[in-house]
Amino acid sequence: MSDYDLVLFGATGFTGGLTAEYLARQAPDGVRWAIAGRSPEKLKRRADELAEIAGETPSILVASADDSKALRELAERTRVVITTVGPYDRYGEPLVEACVAGGADYVDITGEPQFVRRLMNRHGAAAESAGVRIVNCCGFDSIPHDLGALLAVQQLPPDEPMQVAGLVFGAGEFSGGTWHSAVNAMAQLRTTAKSVGSVRAPAGRRVRGSKRGVHYEKKVNAWAAPLMTIDPWIVLRSAGAIDSYGPDFKYGHYVRVRSLPKLAVGAAALTGVVAMAQLKPTRNLLLNLKKPGDGPSEGKRSRSRFEVVFLGTSAGGDTVRVEVSGGDPGYGETSKMLAESALCLIEDRDQLPQRHGILTPAMAFENLMIERLRRAEMRFEVMG
């Protein structure tokens with residue numbers, strides 16, 4: 001029997017701290033959990049803060065992201081590992097390797113396609129053979145999009161070709177860690193594009209991305225522009241693994257903007273940041289704008305929100321609209337989604353789909369996570 005049900009690695013960081021607070025408030029009685037990181041002093045301070053919330057002090061495990069021996073020992077002592085230590089492309093792989101070897105399930109909040117692809121190539125077969133679930137992208141990247149698309153698909157005939165569009169609106173602010181991950185991802189756009197590539201589906205089925213460009217979408221009264229995040233790839237990976245997405249599934253992922261001038265300004269700003277990220281001197285200037293561990297205030301987070309509208313159509317003419325929404329996407333809701341993903345692996349283990357390896361949220365949890373998040377006051381609603 002493991003010493004713990006879950007261990008939170010990175011508990012002293014900004015998002016890790018929010019996740020720890022969520023667990024302190026919401027983890028059911030009897031769930032044994034610990035916090036982990038590289039600084040005993042910071043962990044002790046965090047544990048004391050959590051004791052004021054939960055009434056008891058969580059255990060502390062000391063481990064560094066580059067200490068394979070300590071990571072292996074950590075993984076062997078728990079059933080599930082949560083990690084918020086990024087950028088994952090730099091720091092994440094040793095912990096995944098430790099979890100596969102130690103038999104622990106794993107959840108993260110990466111939005112880095114090249115990291116996920118590397119895990120698939122290097123550790124996918126071993127994780128599947130070991131019966132371990134390595135579940136990436138369990139925050140705003142990509143749970144609302146992956147599970148929202150799943151819910152939309154489930155309202156359409158499974159034996160017909162279908163297409164779904166996800167239209168994203170979000171108002172929030174980056175933390176330092178997220179900003180560093182985003183800048184480093186922009187610096188590797190060519191590698192990222194190669195990492196994503198096409199998605200294979202079983203014989204007789206096809207999944208593919210939409211090639212539709214900027215357009216006006218009357219059903220949401222807004223302009224839609226292709227959003228080149230990890231999310232569409234995650235949705236397509238889920239579609240390739242789950243038969244209910246039909247014989248021919250197409251997905252488009254778009255940012256939703258009310259006015260064309262605002263869209264143009266945003267595109268120009270993003271282009272400038274991408275250009276600066278390509279050269280080390282200007283990339284360092286961008287990285288220095290925010291420090292890892294920094295994040296928006298509670299007041300700013302309380303004013304943030306997101307909404308994703310999914311529009312689905314089948315070849316036979318059936319249509320569906322699904323809306324997924326919540327509060328602060330980057331931190332409040334991300335910490336909730338991450339913690340609930342770990343709790344799902346613990347509490348709902350007997351009901352989980354029998355899939356192992358490097359998984360998307362939909363592949364790992366299907367509707368179990370939708371129901372958990374509804375109970376946690378995120379909205380997943382079929383509108384018709």
Check: Do we see a donor-acceptor contact under 3.5 Å between the side chains of S210 and Y254?
Finding: yes
Margin query: Within the 3.5 Å criterion, strictly below it, is a donor on T84 or T15 matched to an acceptor on the partner's side chain?
Written below: no
Check: Taking it one step at a time, do F249 and L156 satisfy side chain to side chain contact (heavy atoms under 4.5 Å, CB included)?
Finding: CA-CA 11 Å; F249 176 77; L156 299 172; over 6 Å; no
Check: Under 6.0 Å from the CE atom of M120, do we count more than 12 heavy atoms belonging to anything else shown?
Finding: yes
Next item on the list: Could you tell me whether the side chain of Y91 reaches within less than 4.5 Å of the side chain of T83, counting heavy atoms only?
Entry: no
Note to self: Against R118, only a single residue in E112, E93, H123 fulfils side chain to side chain donor-acceptor pair (under 3.5 Å); can you say which?
What the structure shows: E93
Note to self: Is the shortest side-chain heavy-atom distance between M337 and C138 below 4.5 Å?
What the structure shows: no
Note to self: Do L23 and V85 land in one hydrophobic cluster if side-chain heavy atoms of ILVMFWY residues count as linked below 4.5 Å?
What the structure shows: yes
Check: Between K336 and A376, is there a donor-acceptor pair closer than 3.5 Å when you use the side chain of the first and the backbone of the second?
Finding: yes
Next item on the list: Would you mind telling me which of R208, Q163, R205 makes a side chain to side chain donor-acceptor pair (under 3.5 Å) with D248?
Entry: R208
Item checked: Result of checking L119, D108, L95 against Y88 for side chain to side chain contact (heavy atoms under 4.5 Å, CB included) -> D108
Notebook entry, point to check: Given side chains that start at C-beta, do those of V324 and F306 come closer than 4.5 Å, heavy atoms only?
Noted result: yes
Check: Is there side-chain contact between S341 and M369, with heavy atoms separated by less than 4.5 Å?
Finding: yes
Check: Given the rule in the side chain to side chain contact (heavy atoms under 4.5 Å, CB included) test, do L50 and T57 qualify, once you have shown the distances and angles that lead to the verdict?
Finding: CA-CA 7 Å; L50 295 171; T57 304; over 6 Å; no
Margin query: If you count every heavy atom of other residues, nucleotides or ligands that lies below 6.0 Å from R200 atom CZ, does the total exceed 12?
Written below: no
Item checked: Chi angles and distances behind the side chain to side chain contact (heavy atoms under 4.5 Å, CB included) call for D231, D146 -> CA-CA 7 Å; D231 305 306; D146 198 23; over 6 Å; no
Notebook entry, point to check: Does P361 reach the side chain of L150, with side-chain heavy atoms less than 4.5 Å apart?
Noted result: no
Item checked: Student check: side-chain heavy atoms of C137 and T110 closer than 4.5 Å -> yes
Notebook entry, point to check: Would E73 and K69 count as a salt bridge (charged side-chain N to carboxylate O under 4.0 Å, His left out) if you check the C-alpha gap in whole Å, the side-chain angles of each, and the deciding distance to 0.1 Å?
Noted result: CA-CA 6 Å; E73 292 173 354; K69 183 175 183 294; 2.7 Å; yes
Next item on the list: Run the numbers on V7 and R77 for side chain to side chain contact (heavy atoms under 4.5 Å, CB included), then give the verdict.
Entry: CA-CA 9 Å; V7 172; R77 297 185 67 183; 6.0 Å; no
Check: Under a 4.5 Å side-chain heavy-atom rule over Ile, Leu, Val, Met, Phe, Trp and Tyr, are V255 and V309 clustered together?
Finding: no
Notebook entry, point to check: Hey, which of D5, D3, T78 is the one that makes side chain to side chain donor-acceptor pair (under 3.5 Å) with R32?
Noted result: D5
Note to self: In this structure, would Y22 and W33 fall into the same cluster of hydrophobic residues linked by side-chain contacts under 4.5 Å?
What the structure shows: no
Item checked: Ionic contact status for E41 with K44, cut-off 4.0 Å -> no
Check: Would you say I242 and V382 are hydrophobically clustered, going by side-chain heavy atoms of ILVMFWY under 4.5 Å?
Finding: yes
Check: Can you list the steps and then say if E307 with R256 is a salt bridge (charged side-chain N to carboxylate O under 4.0 Å, His left out)?
Finding: CA-CA 10 Å; E307 181 185 69; R256 197 169 93 217; 2.6 Å; yes
Note to self: Using side-chain heavy atoms (C-beta onward) and a distance below 4.5 Å, is R133 in contact with R349?
What the structure shows: yes
Item checked: Any L352 side-chain heavy atom under 4.5 Å of L345 side chain -> yes
Notebook entry, point to check: Cluster question for you: counting only ILVMFWY and a side-chain heavy-atom cut-off of under 4.5 Å, with indirect links fine, are L368 and I346 together?
Noted result: yes
Notebook entry, point to check: Quick one: does Q155's side chain have a donor or acceptor within less than 3.5 Å of a partner on V320's backbone?
Noted result: no
Check: Among F140, F380, F310, W233, which residue meets the ring-ring contact (aromatic ring centres under 6.0 Å, His included) test with H145?
Finding: F140
